[in-house]
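This report concerns only the one structure given below.
Sequential numbering from 1 along the given sequence is applied to the chain's residues. Hydrogens, waters and symmetry mates play no part in the numbers below; they use all other heavy atoms, side chains included. Just so it is clear, the model here is predicted, and its values are computed rather than measured. Each ligand, and each atom within it, is numbered from 1 in the order the structure gives.
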Amino acid sequence: MATLALTPAADVRALRAEFYERLKPHGLAPLWEVLAALVTPTPRTPVATAKWSFSTIEPLLMEAGRLITAAEAERRVLILENPALVGRSRITSTLYAGLQLILPGEVAPAHRHTQNALRFVMAGNGAFTALDGEKAHMHEHDLVLTPNWVWHDHGNETSEPMIWLDGLDIPLIQSLDASFSEHREDRGAMPTTRPAGDAGVRWGNNLRPARMSAAQAGGRRNPLFIYPYEQWRETLEAMKANEAPHAHDAYAMEFTNPVDGGSVMATISAFARLIPAGFATRPLRTSDGMIHVVVEGSGKLEVDGQVLDLATGDIVVVPPWASRQLTASAASDLVLFSYSDKATQEKLSLWREALL
Ligand code: GTQ
């Protein structure tokens with residue numbers, strides 16, 4: 001080492017560079033050149049803070065509706081691409097977001113895939129998602145789930161278009177190279193197997209079958225696939241009436257799997273929040289990047305010092321470990337739906353928060 005210590009710095013760099021070149025054909029690379037970038041003290045994310053407005057997207061989605069049918073497209077969706085990840089079909093490093101349009105009379109054919117999906121209804125009433133041949137009719141601000149490997153199709157037997165936000169774990173599954181999918185041969189819907197709304201009644205009323213099948217008891221696949229707006233909205237209203245807001249969350253509830261009380265799906269967590277008029281939350285960081293949909297009201301979101309105005313219909317993404325702070329305007333409560341990969345991170349003992 002004495003010789004190396006006496007070697008001029010420029011020569012050392014040249015010696016190393018030449019060594020690195022000779023490593024390449026052996027499928028080798030020096031860790032010490034990349035270690036600090038790989039094992040960072042806190043998350044280094046490529047995800048940028050960004051906002052989309054429903055009023056901007058809606059006419060473009062309606063235009064897509066004139067250019068391609070749901071059957072042709074399979075899913076007629078405009079992807080919300082993170083501006084720092086253009087071309088990569090993702091809103092964060094693990095999550096996908098898109099706005100899907102289904103016009104009156106259309107069917108989005110049945111398929112199933114290993115990706116988990118949630119739908120959050122942005123506009124329209126009465127179109128359905130069917131899981132394994134059981135329809136759930138969807139209304140504005142309902143949350144609907146299509147957990148991994150369940151056959152699902154969408155249809156609209158009403159006279160108005162329906163638009164919902166799709167939230168999927170597509171990039172996460174892509175990073176695991178674990179995508180599998182199947183499509184119905186006839187490119188149609190699944191035949192109806194159970195009455196519409198059955199799961200909501202069976203699993204959404206604080207009851208569960210006294211004899212659950214092993215698969216049900218395992219809780220791996222959430223049998224409840226619709227969470228109506230009236231229900232979650234009422235809960236937030238009661239919380240507001242009955243307790244003081246939490247300094248960092250105001251009023252925040254997580255949607256749960258009724259079998260085990262855990263996250264709605266294996267990889268994705270979903271939340272409903274209410275910030276009372278005039279209230280500002282204290283800043284916090286969480287290791288899960290978060291997508292928020294503004295359901296009611298207006299206000300602002302401050303992300304690492306950057307202020308975004310929020311209006312009803314806005315969709316925003318907050319990068320992992322960014323400091324975030326929500327303020328409701330003085331005029332009205334701010335109500336949000338949010339989803340993130342918290343469920344994944346918790347399973348891997350990764351999830352963290354810092355209350356600032
Ligand atoms: O509705 O099944 O936005 O499979 C992307 C992939 C929606 C769906 C998306 C999908 C779906």
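If you number the atoms of ligand 1 from 1 as listed, the ones under 4.0 Å from a heavy atom of Asp166 come out as 3 (O), 7 (C), 9 (C). Less than 4.0 angstrom separates some heavy atom of Gln100 from each of these atoms of ligand 1: 1 (O), 7 (C). Interface atoms of ligand 1 facing His111, defined by a heavy-atom separation under 4.0 Å, are 2 (O), 4 (O), 8 (C). If you number the atoms of ligand 1 from 1 as listed, the ones under 4.0 Å from a heavy atom of His154 come out as 1 (O), 8 (C). Atoms of ligand 1 found under 4.0 Å from any heavy atom of Val77 (numbered from 1 in listed order, with element): 3 (O).
Using a 3.5 Å distance cut-off with no hydrogens or angles, the side chains of Glu254 and Ser263 do not pair a donor with an acceptor. A side-chain N or O of Asp166 and one of Trp164 form a donor-acceptor pair less than 3.5 Å apart. Using a 3.5 Å distance cut-off with no hydrogens or angles, the side chains of Thr267 and Asn116 do pair a donor with an acceptor.
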* With ring pair (Phe, Tyr, Trp, His ring centres under 6.0 Å) as the test, would you mind laying out the steps for His152 and His113 before giving the verdict? => CA-CA 9 Å; His152 56 282; His113 40 68; 4.8 Å; yes
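Note on ring orientation: taking the six-membered ring where Trp is involved, the planes of His111 and His183 are perpendicular (angle over 60°, cut-offs 30° and 60°).
Residue contacts with ligand 1 for Thr146 are absent, since no atom lies close enough (heavy atoms, distance under 4.0 Å).
The shortest heavy-atom distance from Gln115 to ligand 1 is not under 4.0 Å.
Protein heavy atom nearest atom 5 (C) of ligand 1, with residue, atom name and distance: Tyr96 OH, 3.5 Å. At the top of the distance list for atom 4 (O) of ligand 1, counting protein heavy atoms only, stands His113 NE2, 2.9 Å. Closest to atom 8 (C) of ligand 1, if we only count protein heavy atoms, is Arg75 NE, 3.0 Å. Among protein heavy atoms, the minimum distance from atom 6 (C) of ligand 1 is reached at Leu168 CD2, 3.9 Å.
Without hydrogens or angle criteria, His246 side chain to His248 main chain gives a donor-acceptor distance under 3.5 Å.
For the pair Arg22 and Tyr20, the cation-pi criterion (under 6.0 Å, within 45° of the ring axis) is not fulfilled. In this structure, Lys135 forms a cation-pi arrangement with Phe128, its terminal cationic atom sitting closer than 6.0 Å to the ring centre and no more than 45° off the ring axis.
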